[in-house]
A.B. asks: 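Sharing a structure here in structure tokens format.
Whatever order the structure lists ligands and atoms in, that order sets their numbers, starting from 1.
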Amino acid sequence: MRARKRFGQHFLTDPAVLERIGTVLALQAQDKLLEIGPGNGALTEVLYGRCGRFVGVEIDRDLITALKARFTQLEVVNADILRLDFREVFASGDWRVAGNLPYNISTPLLVKLFAVTDLVRDMHFMVQREVALRLCASPGSKAWGRLTVLAQFNCRIEGLFDVSPESFKPAPKVWSRVIRLTPRSEKLPLSDLDCLETVVRTAFSQRRKRVSNALKSFDFDWQAVGIEADTRPDQLSVEDFVKLANIFALTSRAKAQEETEQ
Ligand code: SAH
């Protein structure tokens with residue numbers, strides 16, 4: 001079986017790992033499941049017939065015919081998952097998502113999924129161990145960054161088990177980890193997701209400076225916010241970032257208001 005590097009193809013071949021993913025997912029007959037990148041169907045096989053609806057989104061045109069022939073009840077979509085309209089596909093809500101993710105797109109894919117967590121029950125993914133560590137990191141650590149803040153604001157994240165390179169064909173260079181992301185039912189009150197993304201992106205682009213310097217353009221009153229001005233951006237917690245994003249949202253709204261009045 002040839003694998004396309006361009007599509008990040010590392011096919012899972014270890015039956016014990018495949019079974020274990022099936023076990024942690026614990027599908028129920030009425031579940032709606034979206035699999036990202038079913039590929040040659042190794043994971044699909046384990047999950048097939050165990051849920052109510054099963055959609056598979058695969059970019060590689062050469063794999064589509066075989067998937068359709070082998071899994072007649074699978075709703076196969078030949079598309080780039082990054083271009084999928086998740087709001088439309090998940091419209092009925094309570095979807096479950098799974099996949100042995102193409103590692104070259106895992107970060108933008110996760111960020112896209114974080115914007116639709118209101119329609120998702122949970123997500124089980126195979127990711128590079130380094131990505132799993134970033135998702136589960138704590139403030140102040142090297143792995144703590146933009147992805148962590150967006151992930152932890154939206155979801156609870158659990159590392160479930162590690163998978164060695166030899167479990168795949170071809171073997172990737174690094175170890176992998178299966179993780180579970182469960183959207184939070186009670187999120188911190190945030191007025192605008194874009195404002196959070198802007199503050200977070202700016203902060204981590206200069207993570208070793210003082211916040212007063214790195215976030216200078218926002219004109220925050222650090223004393224009023226209750227954050228020491230010489231804190232480093234990478235020491236801020238999710239709560240800190242949400243607080244800053246809400247202030248930024250307020251001031252930008254006030255500014256826009258002023259401009260229309262002039
Ligand atoms: N689930 C299979 C394959 C995992 S490899 C297994 O476990 O063996 C990753 C899969 O994602 C490949 O089939 C690859 O073609 C597919 N893929 C890569 N980029 C994609 C994208 N942008 N949209 C949808 N599928 C993609």
A.B. asks: Can you tell which of P102, S106, P108, P172 gets a heavy atom nearest to atom 19 (N) of ligand 1?
C.D. replies: P102
A.B. asks: For atom 13 (O) of ligand 1, tell me which residue out of R4, E58, Q9 has the closest non-hydrogen atom.
C.D. replies: E58
A.B. asks: With a 4.5 Å cut-off on side-chain heavy atoms, are K243 and V225 touching?
C.D. replies: yes
A.B. asks: Output yes when D62 and R4 qualify as a salt bridge under the 4.0 Å nitrogen-oxygen rule, no when they do not.
C.D. replies: yes
A.B. asks: Within a distance under 4.0 Å of any heavy atom of V57, pick out the atoms of ligand 1 and give their elements.
C.D. replies: 24 (C), 25 (N)
A.B. asks: List every atom of ligand 1 that sits less than 4.0 Å from any heavy atom of A79, numbering the atoms from 1 in the order shown and giving each element.
C.D. replies: 23 (N), 24 (C)
A.B. asks: Can you sort out which atoms of ligand 1 are near I105, meaning under 4.0 Å from one of its heavy atoms?
C.D. replies: 21 (C), 22 (N)
A.B. asks: Could you report the tightest heavy-atom contact between L43 and G99, atom names first, then the distance?
C.D. replies: CD2-CA, 4.2 Å
A.B. asks: Does this structure show an ion pair linking D118 with R87, if we count only N-O contacts that are shorter than 4.0 Å?
C.D. replies: yes
A.B. asks: Any idea which of I81, N100, L18, I59 brings a heavy atom closest to atom 9 (C) of ligand 1?
C.D. replies: N100
A.B. asks: Give the atoms of ligand 1, by number and element, whose distance to some non-hydrogen atom of P38 is under 4.0 Å.
C.D. replies: 1 (N), 2 (C)
A.B. asks: What protein heavy atom sits nearest atom 22 (N) of ligand 1, and how far off is it?
C.D. replies: D80 OD1, 2.8 Å
A.B. asks: Work out whether the distance between some heavy atom of L82 and some atom of ligand 1 is less than 4.0 Å.
C.D. replies: no
A.B. asks: Atom 18 (C) of ligand 1: which protein heavy atom is closest, and how many Å away?
C.D. replies: F7 O, 3.0 Å
A.B. asks: Tell me which protein heavy atom sits closest to atom 3 (C) of ligand 1, plus the residue, atom name and distance to 0.1 Å.
C.D. replies: G37 O, 3.4 Å
A.B. asks: With heavy atoms of L12 as the reference, note each atom of ligand 1 found under 4.0 Å away.
C.D. replies: 6 (C), 7 (O), 8 (O)
A.B. asks: Given the rule that I, L, V, M, F, W and Y join up when any side-chain heavy atoms are under 4.5 Å apart, are I59 and I64 in one cluster?
C.D. replies: no
A.B. asks: Output the distance between atom CD1 (I157) and atom CE (M123), rounded to the nearest 0.5 Å.
C.D. replies: 8.5 Å
A.B. asks: For E35, take its heavy atoms, then give the atoms of ligand 1 lying under 4.0 Å from any of them.
C.D. replies: 1 (N)
